[in-house]
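All remarks here apply to the structure that follows.
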Amino acid sequence: MIRGSCHCGAVKYEIHGKLLMFAYCHCPDCRKYSGSAFSSVLATEADGFRIVAGEEQLTEYQSSPGKNRFFCGTCGCRMYLRAAHRPDMVFIRAGSLDDDPQMTPQAHYWTSVKAPWYEITDSLPQHPEGFTKK
Ligand SMILES: [Zn+2]
Ligand SMILES: [Zn+2]
């Protein structure tokens, strides 16, 4: 089991399922939403993902049709994303983890539209587009 929480501590979650993917996403949505060069996204099975505290604090934002991003309404911490075309998965913002997932990011996605001011200096595979179909 892997735990995570928002910055103010109101919202807490647990991951009981398998970790399916861990990657950096450089898409413009993730850049705007995170306020940074990229987001660190950990995908897990929706069945094993549980909000265990502060569900009423969670605020939902539809960033594009079928993509719903969830954040803490008090502290603004970005926590996870649900995609209508992948109802079996939850995409967690890894910055909200409290425990070590025992896995590290495997790739960069959407590098064709990454921030021009950010240079990728590691040797992970770089994909010009995303890991899920639009
Ligand atoms: Zn919070
Ligand atoms: Zn993205």
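Remember, it's a predicted structure, so these values are computed and weren't measured experimentally. One-based numbering along the sequence shown. In listed order, ligands and their atoms are each counted from 1.
For residue Cys27, an N/O/S atom approaches the Zn ion (ligand 2) to within less than 2.8 Å. In summary, an N, O or S atom of Cys72 is located under 2.8 Å from the Zn ion (ligand 1). Between the Zn ion (ligand 1) and His7 there is no N/O/S contact shorter than 2.8 Å.
Note that OG1 of Thr111 and CD1 of Ile120 are 5.5 Å apart. Values are rounded to the nearest 0.5 Å.
Draw a line from the Zn ion (ligand 1) to SG of Cys75 and another to SG of Cys6, and the angle between them is 110° (to 10°). Considering the Zn ion (ligand 2) as centre, the angle to SG of Cys25 and to SG of Cys30 is 120° (10° rounding).
Classification of Asp88 and Arg86 as a salt-bridged pair holds, one side-chain N sitting under 4.0 Å from a carboxylate O. With respect to the salt-bridge test (charged N to carboxylate O, under 4.0 angstrom), the residues Asp98 and Arg3 do not qualify.
Classified by interplanar angle (parallel below 30°, tilted 30° to 60°, perpendicular above 60°), the ring pair Tyr24/Phe38 is perpendicular.
In the model, Glu14 has a side-chain atom that pairs as donor or acceptor with a side-chain atom of His16 under 3.5 Å.
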